[in-house]
Every structure is written in structure tokens, then in C-alpha cells.
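In what follows, a structure is listed as C-alpha cells, so that the remarks can point back to it.
Just so it is clear, the model here is predicted, and its values are computed rather than measured. Order of the sequence lines sets the chain letters (A, B, ...), proteins ahead of strands, with each chain counted from 1.
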4 protein chains.
Amino acid sequence: MTMGILRFNFRSEILGMSTNITICYPTGSLTTGLGFRHPGFSDDWKQPYELGMKFQTVYLLHGGGEDDTVPYRYTRLEQYAEENMVMLVSPSVNDSFYMNTKYGIKYFDYLTQELPQVVKSLFASAPRRENTFIVGMAMGGSGALGLGLMKPDLYEAVVDLSGGIGVTLDREEYIRSLHWHFPRVRHTLLGESDFVGSEHDLRWFAEKNMSDGVDVPKIFIGVGEKDFIRDRVREDYEILKKLGYNLVYEEARNMKHDFDMWDVYLKKALSKWLPLKRKPIYET
Amino acid sequence: MTMGILRFNFRSEILGMSTNITICYPTGSLTTGLGFRHPGFSDDWKQPYELGMKFQTVYLLHGGGEDDTVPYRYTRLEQYAEENMVMLVSPSVNDSFYMNTKYGIKYFDYLTQELPQVVKSLFASAPRRENTFIVGMAMGGSGALGLGLMKPDLYEAVVDLSGGIGVTLDREEYIRSLHWHFPRVRHTLLGESDFVGSEHDLRWFAEKNMSDGVDVPKIFIGVGEKDFIRDRVREDYEILKKLGYNLVYEEARNMKHDFDMWDVYLKKALSKWLPLKRKPIYET
Amino acid sequence: MTMGILRFNFRSEILGMSTNITICYPTGSLTTGLGFRHPGFSDDWKQPYELGMKFQTVYLLHGGGEDDTVPYRYTRLEQYAEENMVMLVSPSVNDSFYMNTKYGIKYFDYLTQELPQVVKSLFASAPRRENTFIVGMAMGGSGALGLGLMKPDLYEAVVDLSGGIGVTLDREEYIRSLHWHFPRVRHTLLGESDFVGSEHDLRWFAEKNMSDGVDVPKIFIGVGEKDFIRDRVREDYEILKKLGYNLVYEEARNMKHDFDMWDVYLKKALSKWLPLKRKPIYET
Amino acid sequence: MTMGILRFNFRSEILGMSTNITICYPTGSLTTGLGFRHPGFSDDWKQPYELGMKFQTVYLLHGGGEDDTVPYRYTRLEQYAEENMVMLVSPSVNDSFYMNTKYGIKYFDYLTQELPQVVKSLFASAPRRENTFIVGMAMGGSGALGLGLMKPDLYEAVVDLSGGIGVTLDREEYIRSLHWHFPRVRHTLLGESDFVGSEHDLRWFAEKNMSDGVDVPKIFIGVGEKDFIRDRVREDYEILKKLGYNLVYEEARNMKHDFDMWDVYLKKALSKWLPLKRKPIYET
């Protein structure tokens, strides 16, 4: 009754390097019908393994300083995925803020062009946008928001949990973050002279989506009431609302910027927020 | 230019337990067309990643005392698979000789019923028999021969390298092995009073295939000239030949029962012996 | 601020096979003093990495049908270990009930003789009994209780969570379990005719400890009030109490036999029950 | 008779990120004396597992575009380490050329300050310089040479196989490499205006070692006769010789820049070149 989990190590062409991806399948809800059957329990609710089956797919983005393995070890995420019959795909992005870095390693292109192509070719991931979701926490939260706004055609819905580190809709705040004591932002993302209108300027994409009448993903934002980054996350929400986005925003009472918050909200994201079908997908 | 490799951990229903599978994809020969292109080198020989692509699949069986990881660490197997555009699937069988054990853990059923169903449902493994091969070394060699003779409808071809530990076509030798100082055989497989005609009696299956006119897999057997198990392997070959099987047998000059032999013969198996298509498969 | 985790694959001499062990180190609480220092946060509470440092060690035993990876994925165990500065060691036991099996694979000997020797030789595990603990859930719960009673010299304290599958102090219940619809117990453990006084007879060991005046480990037993196995676990507790053991027993209100219970009680075990030092150990 | 292998995932303080390390122990040459003893074979040559035992340690550096796992999968390295009773430690460096990058991620500091401290604290790695070696191939070859010349107090000996990508002793060649079609060098290492005398100027370190009379590591350089990078590697050798270094240089007849070369020369490095003790170390 446990998920199937794997760590895939392959060489990305865009990154030009070997990289790791953690992938989970909801195998605890699948059955071959071949094993031991307990006389007192029914497996009837399980779905059969079948040639051609696919799964709705949540791209699950780790936080800063972490990698593809950490969310699986620090929350009970696999169980939430199992209960909602989705597969999870977690890339590892080396503190790049999920963007194309100034120093030439193109994580954004990898995530939005190569990764989906590889995953859909080699794994049972349902291909359409309606089956594709993106969820992240901390650095992964703003990453999920960024990817959803910059590539709205890829994702049906976005969940940003405690985001705010990295790209943001608030340009003044972005400039400030280039001067943080923590130098990774300014080493990775474009500086004040060249970021407006650039590939790191989330505001530009957010406005363009609205002015172009783009069908944007559903957006859900959650942040702890006591999170040090709360105001920045809330500001992202306020700006999106003003721009005309239809979105859900929730402050988690008494919660902070930690895995206690994310464990609760990953469950909420998968069980409540995301419009999941909760069954295998057979269309192609 | 390296293979993609993963270790999948999932709960087998037939085994009733979490188990590990190592899977390799020939991703070094695949391209998204998105990465850095060297002006002096061409990638034209690479195949594109494509939705619906599948790979011919070699089930690669580890030896006694080993597990799914060892062949990949002790030979250069990934490179041979890469060069021949096949995917590899290695289960881990806990010294069961790839059979249903007397003590109730059914590895044979797992390998021949559940594993292919799971692999074909979740991974890009081409489904037909013509795309399915089985190769093993040492305990995995007799395992491959056993599975190929007991389930001839599953495999297009079989490679037995240095087999002979576990099931064998020589019933007298089998009885002797029950009395080996090494007790695992008699703890796992059926004893003299009940093995003839049983699911551990490889001779019975080999004869039945011939008398029933079954379309049997192509069989290739290799063993080191200096391998302590050579005579038992040769005897398996002799018996199959007498029964009317059409097969290749080769003794590797001066070689023993070790990874020097297996490294050379895994390359030969994938590059010469197996009738591989060496391209992705798009039929279903 | 995350634990260091690894999966060690090596060949056990007693098992005669490659096997996996998951090991965690509390590296999130260790510091080299070399990294980025946030001006607003202090790392002073962290312990320095030092040559010769060792950690108190909790052997953490998985449940039936699971393996060494599952507890780390299904609970937030790493965080509880981190907070209590212990290392965790989880073997993988192939549904053996942590005992020497009837079919000759000696998991008990592996766990109590080989595993500690290997772990103390290759990893920074503090060697003395006072630094060694054993905790398990479900099949791992009765495993922990069994190992603690059969090898009281090895463990300072034992935590049995929702045990009861496998060895038990209640001989009548043990006999009944041999006839369960689930056949693994009778295939693995000794039958009614030969189990009394055998290496599978936990009662025999429990009584002998008392009659010999052995210094037994502290024992903590927790089980869900609504767990289907509750009565068997409670009976183990009652028998131990009658025999004169000094132990803690707790029924978790409204809880069942699942990871909701184990997530709560692993935290309690590490943070409250076990008499941990919560610092690196420098004695040898 | 197989090595023990593990992949350790922990958060580096200097990198500020989770990172992976592959570590191998020569457990196939160690014994507890507890397992099955074959009457016809002796284990007397094996060394006992013992509290306090340590191993000579080879830091093994992967090539460009690769990671800590690739050398173990693409060569038979584990067997060569086993035969020579050393442990192997492979970090993963994200195409940084093993240097502190211009963009602020300090791989050189990680490798020379943090990694040894962590490895010696948590694993059985013998601490002294006389027990510490560094070996690399391709990008890892020049990395090994660079680390050896820049931190001569850390390594007893250095093996550079087919190095030349990244740091080099030839300043003109270095400048040229900043203009290669492949942009990673100029994005990562310092440019023409600021590299002379900088932490990326290997020539500066090489000269200083000689003028200061530093006790430098033994240096072994191997490169394929047909390797496209041969002249650059040979030039590194020529410069070192002229500077007064005592070193071994070998061109592998007919060999190229690939794993055929590295498989042969990793064996040679471990079995012939490095002055190994080939036994456990008990001094501290």
C-alpha cells in the first residue's frame, strides 16, 4: 500500500549535465489482481495496471538549498499523492530559482521544454495541460508561480506555498533582494539595469497574460501567518488580484516557514485545491 | 552521452513486499534537439524523444548473493545497452533461483506475471514478445534459461551465461545439488521426492515444449572454459541439443566464473547474439 | 538544515546476499563553521564535525511488506532524529519477522551479530549499549521487542509500536497465528511442535531474563486504541508486567494501525521516551 | 565479494545546498567471520571488521557533464578499489571544474575544506595526508591536478587522466578556452583580465610550490594518444617537468577520450601508480 518511488539519473541536454529527478507513481492504488487477497479486505477500489495507462502529473518543486529528495523525506507527500492518484515529478535545480541563470545554466528551459518531453516519453505521464500541475514550497513556491505565469499553456493549475524567494511580481522588492546579505539571488538573476522586461521579470509576464487574454492556470497561494516572507507572498497575491487574476490566497494561522506548514498544505493542495480526476488517464 | 538509470522501489503484490528494480533507458542515444550543439559533432544519429516511443527490453538477471545493482556496477553493461538501443530491467530476487520458493515467496510468478505488467504499464517498454529478451549470469543464467523454457511465450531470446546454479536440465545433477555444502538450494527448491514434474523440474518443461511443438525462444549459452560450473552448463546445452533445440553454445577460452567473463559476454550478447532492432519501437 | 541520508548496499556474510541499509546522520545539527552565516541567525547551537565523533544510534525497524526506505518516506522521522541528535540505522528484512527463518536465512543473527559490527566499523555509531536503541512499528515493533528480549545486552531501550505480527509472548496466540489465512508466519517461524523453547519462543527468553536477573532494556509499548492488533500488543504488555518487567504502555486514543499513529509515536519515542543524550559521543 | 556502496545526500554548508556523494568501502575484503564458510575456499586473506579501522581514501573526480555516479557505472572501478583495499569518495560538482565559480558557488572550498572534514567525521576514512589520494578523468583529471597543486598538503599523490578541460598550467591555452564555442568555461572561471595570479591560475600555484620548496604530491598523468585534448595534457606535463616536478607521464597507445581508456587507467592508477598500503589503517 505504498507508492512506487524512483530516482532517475540522466543527462539533460539543456543543462549539459547529469541530473536527478524523483518520480512517484501511485502504485499502492493499482493492482495486478495477482497477489495475496485478504478475505476480510477488498481491493475492489484499486485500479488495474494497464498498457497505455497514464497519470495526472504534479511537478513538485523543492525549496532553496534542497534537492529533489527532500520534500519526500520531510513531509508525508507520497501518501497525499497516493490518495489522489497522481504521479509526482521533482527535478533538482541547484538553487537556480527555477530560472535560466545569468551564468548560462538554463534551468527554466530545462524545466519547461526538456523535462516534460523526457518525462512523457519515458514515463506514464498524461500529456495534456489539463493533466499537468505545478506545486512548490519556499524557493519552489515562487518557482511554481513563475513557471505558471511564464508558461501558462503548460499547467492547469499552480500552487505557490511560502514562495517569494527568487522571482516575484513586486519589482521594488526584487531589486531589494539583489542586495540581500545572501548573495545567491544577485549571482543568479538579472540585476536592476537589465531585469525589467527580461526573462526574470515576472510582472512583465503577468501583465502580458492579462493584456493578451491568455487562459491562465488556476492559482493557489498559501503562506504561514508567521512566515518571515509573508508580506512578499501576500504582495504577489495582491498584485495578481489587481491585474485581474482569479486566485485563492490563504494565510495559515500561526504557521511559519517550515515543513509543519508544508506538510499540511501539500495535503490540502492535492486533496482540495487542485482539480484532480483521481483516476488513471487513458486518452492520449 | 550516458544512459538514464533509475532504481524503482515499489510493493509487489505477488511477493507481498517492497522490492527494488534497476531500470536503464538508452537516453544517451535520444535527443530533444534542445541542448548545446557542438559545431564539430553531429547528433543526427540520435533518435528524438517522442510520446508513445517504446524500447526493446532486456530483463537482466543478477547472480547468486547479488542484487539488481551489482551487474551495473561490476560490468560496463550500460554502455552495451546504449550502443544497442535497448532498455534494461533488473529485478532483485533474494537468492531464490528465480523460482517460486518452497517457503512460499513466489519469485517466478512475480517475474513472469507481475513484473512485465508493471514495467509495461509504468515504463516505456515495448510490449510484444519479439521485443522482449532475457539474459542472466551465474544464478541469473540458469534463471534466464529456466524462465525462457518455462514461459517460452514471453521471450524472443534467452542468454544463459555461466548458469547452472539452481534449476538445470540434468536431474541427477539437480539431486546432487540438494546435498551441496551450500544449503540454500535445498531450502528453496523442491527435494528429490517431489521435484520430478514439478515447477522446479526444468527438464519436464524442456521436453514438453518439444513434444507440443512450442515456438521456443532462441537460446544462447556461454560459459568460461575454466569455470568450476562448466560441465553442468555444458550438460544443459547437450540435453537441449538432444531434445531438438536449436541453440548456440560457446566456451570462453581461459575464462572463469567472474565479471571478466561476464563483461565480455554481456557485450557479445547485446551486440551480436540477440536479434535486436536497435531503434525505438512505435507499434503497440 | 536537513539530515544526511544514505542507502548502503553491501553483501552480508550471514545472509549470504547483497542487502540494503538506510542510515541517517543528524548533519543538520552539525557545522563545519565554513558556510554562509546569516547575520540574523546564530548557528551556535550546532555541534562541530570532529574526527572521532560518534552518535547514539537507533535501529529503526520497518513493518511487514515494507523495507528500509518506507519509514523515512511515510513519516517525518528524519526531523525527529535531527532534533534529538541520533543516527538511525534501518536494515531491510524481507518479511522475516526479524528472526532466523525456518528456510535458512538468518535475519536475527544478521541483525544482532553482523549488522552492529559492520555499522560500528564503517560508520560513526557510538559503540556501547548505553548508546544503542531499537524501535520498530508493526512487524518491526514485535521485531524490536523480540530483539530486545533475546539480546538484552545490546540495547539500552526498546520501543514496540503496534507490534504483534510475528513473535509474541502469548504462546496460544502464536499458535493461532500459524493458521492465519496469511501464510507467511508459518512458512517462516517454527510450528507448534517445535517452537516452545526455540529461538522463536519469546516467552522463554522473557522468563529467562527474569530468572537470571538480567539487566533488561527499558521497554516502551504503544498501540492504537483502534488497531486490529491491539489486544495482542496489550497482552504482550500484560505478560511482561506479570513477569516483573518495568515498562511503559500507552494506547493511542482513536488511532489505528497506520502511519498517522507511527508519525506521532516515532516523535514521542525519540523526543520523550528514549533516554537520549542529544549530543555527539566522544568516548569509545 | 562485492564492494559496499552508498550515495550520501546531505546539505553542504559551503555550497549552501543538498549535494550527493558516492562512497565505496572495500567490504568484499572484510569479514565478520560469521557467515557461511565454503569448505573448499579460504577467507583467511580477508581483514576483520574492527572498531576504529580506517581506510586509505581515494577522492575520485567525475568528468564534465557527469556526476558522482557515472564513473562507477561506466568503468569497473569498484573492483579495482576492492583489490587495493581503498575506499572511494566521489563528490558531484555540477560542471564547476572543481573550482570556486565566478557566480559564487564555491566548489573548490567545498572539496578541500568541508568534504574531508565531513567524510572523516562520519565515515571510516583514514585522516592523514599519507592516506589520501586524488584521481580524476577528463574534467576530473584537471580538477585532480588543480586540487593537488593548489592544496599540496592534502594529497599524497595525484592522478590526472585525460585532464585539460578547465584549469591548466598553460596560460595561453587557458585564454583560448575562454573563447571556446562551449561557453561553460568562461561563465565559470575568471577571464583574461583577472585570472593571472587568481585562484584559477594553476601556473601560479605550481611555481609557488617550487619556489617555496613545498612537499608536493606525487603526480601521474595519463592521456590517450588519440585524445583530442592530448596536446593540452602533454603541455601540462611539460610545464610541470620544466618547473622541476618529478612526475610520471604516459600516453596510452591508440586510446581516445573515453571510458575504454579510463577503465584501463583507473585500474593502473589504483594497482600500480598510487603508493597504497592495501590494508586497513589503525593509526589515528
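Residues of residues 90-119 of chain A placed with any heavy atom under 4.5 Å of a heavy atom in chain D are listed by number as A:N94, A:D95, A:K102, A:Y103, A:G104, A:I105, A:Y107. Residues of residues 194-201 of chain D lying under 4.5 angstrom from chain A, judged on non-hydrogen atoms, do not exist. Among the residues in residues 58-72 of chain A, those with a non-hydrogen atom closer than 4.5 angstrom to a non-hydrogen atom of chain D are A:G64, A:G65, A:E66, A:D67, A:T69, A:V70.
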Pairs under 3.5 angstrom only: tabulate donor-acceptor contacts from the side chains of residues 137-148 of chain A to other protein residues two or more places apart or in another chain.
from: A:S142; atom 1: OG; to: A:M139; atom 2: O; distance (Å): 3.3
from: A:S142; atom 1: OG; to: A:I165; atom 2: O; distance (Å): 2.5

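For D:R184, the part lying near chain A is the side chain, with the backbone staying farther off; criterion is any non-hydrogen pair under 4.5 Å.
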